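Accompanying notes for the structure given below.
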Amino acid sequence: MHNLNIRCARADDIERIMDLEDGGFHQRIQEDKSVMLERMYHFPAGFLVLANDSDMATGYLCSELWDNDGTLHEAAFALGHDIKDTHRADGSQLYISSMTVAREYRGSGLGKKFFQQSVHMLRTQLTHVRGSILLLSAEWTGAHKIYQDSGYTEIARLKDFFASIATHDADAIIMQTQFGEER
Ligand SMILES: CC(C)(COP(=O)(O)OP(=O)(O)OC[C@H]1O[C@@H](n2cnc3c(N)ncnc32)[C@H](O)[C@@H]1OP(=O)(O)O)[C@@H](O)C(=O)NCCC(=O)NCCS
């Protein structure tokens, strides 16, 4: 697969990342700039951007590492949560907290490639990571397809988690995958 230009986010990407956030998510669930900056500072390796030929971010993916204690804490998924409360440098589960691609780049396979290559980069660098977890709205069919095609399966639903933005299904779906030995 053709390698995309994926690099760690820098502080000077922040305005562009906030534009991407605006184009990707309903206003009621957009993260604040301070939350994004904290993610970038606290776990720089886990905050990736898809750069175009001019090195401008055309997509972002951010993540955290969680303890693999087998328990799902709903609060950890909450909008605006502080990464310092949830991220553990030695955590074995890669939690993808958010991902989006700019509107003008959607619909031609880039979102899936960006997601899969980002996860591959992270699991290659973070050799103690054993699996990955994420949460999405039941209404985000594009994202659901990408995660399913990338080996994630549904493990739980949080009823009415997206009540503030839903049009027909307010549930959140939690999906998980376990990584094999090959990296
Ligand atoms: C999700 C997102 C990154 C997908 O980006 P994209 O570049 O359009 O995705 P792709 O073109 O790689 O599509 C991947 C697959 O999903 C399918 N798909 C994409 N959007 C879809 C939609 N709205 N409904 C149904 N299927 C869809 C594609 O047909 C493709 O399937 P295929 O691989 O079998 O051909 C992009 O739509 C986005 O940023 N959305 C807003 C933010 C978001 O939902 N993020 C996920 C949060 S968890």
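Atoms within each ligand, like the ligands themselves, are counted from 1 in listed order. Everything numeric in this text was worked out from a predicted model, so none of it was measured.
Contact annotation for atom 29 (O) of ligand 1: protein absent (non-hydrogen atoms, distance under 4.0 Å). Closer than 4.0 Å to atom 22 (C) of ligand 1 lies at least one heavy atom of the protein. For atom 35 (O) of ligand 1, no protein heavy-atom neighbour is present inside the 4.0 Å cut-off.
Checked against side-chain hydrogen bond (donor to acceptor under 3.5 Å, both in side chains), S164 has no partners two or more places apart in sequence or in another chain. Residues meeting the side-chain hydrogen bond (donor to acceptor under 3.5 Å, both in side chains) test with D22, sequence neighbours left out: Q30.
A side-chain donor-acceptor contact under 3.5 Å links N52 to the backbone of D55.
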Do E15 and K33 pass the salt bridge (charged side-chain N to carboxylate O under 4.0 Å, His left out) test, and can you show the C-alpha distance, the side-chain angles, and the key distance before you say yes or no? CA-CA 8 Å; E15 298 306 332; K33 192 193 286 188; 2.7 Å; yes
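Judged by distance alone, the side chains of E64 and H81 do bring a donor and an acceptor atom under 3.5 Å apart.
At a 4.0 Å heavy-atom cut-off, ligand 1 touches Y147 through the side chain alone. Contacts with ligand 1 closer than 4.0 Å are made by heavy atoms of both the backbone and the side chain of K112.
The shortest contact between atom 19 (C) of ligand 1 and any protein heavy atom is with G142 CA, 3.7 Å.
The closest heavy-atom contact to atom 11 (O) of ligand 1, among the options G59, A102, S97, G109, comes from G109.
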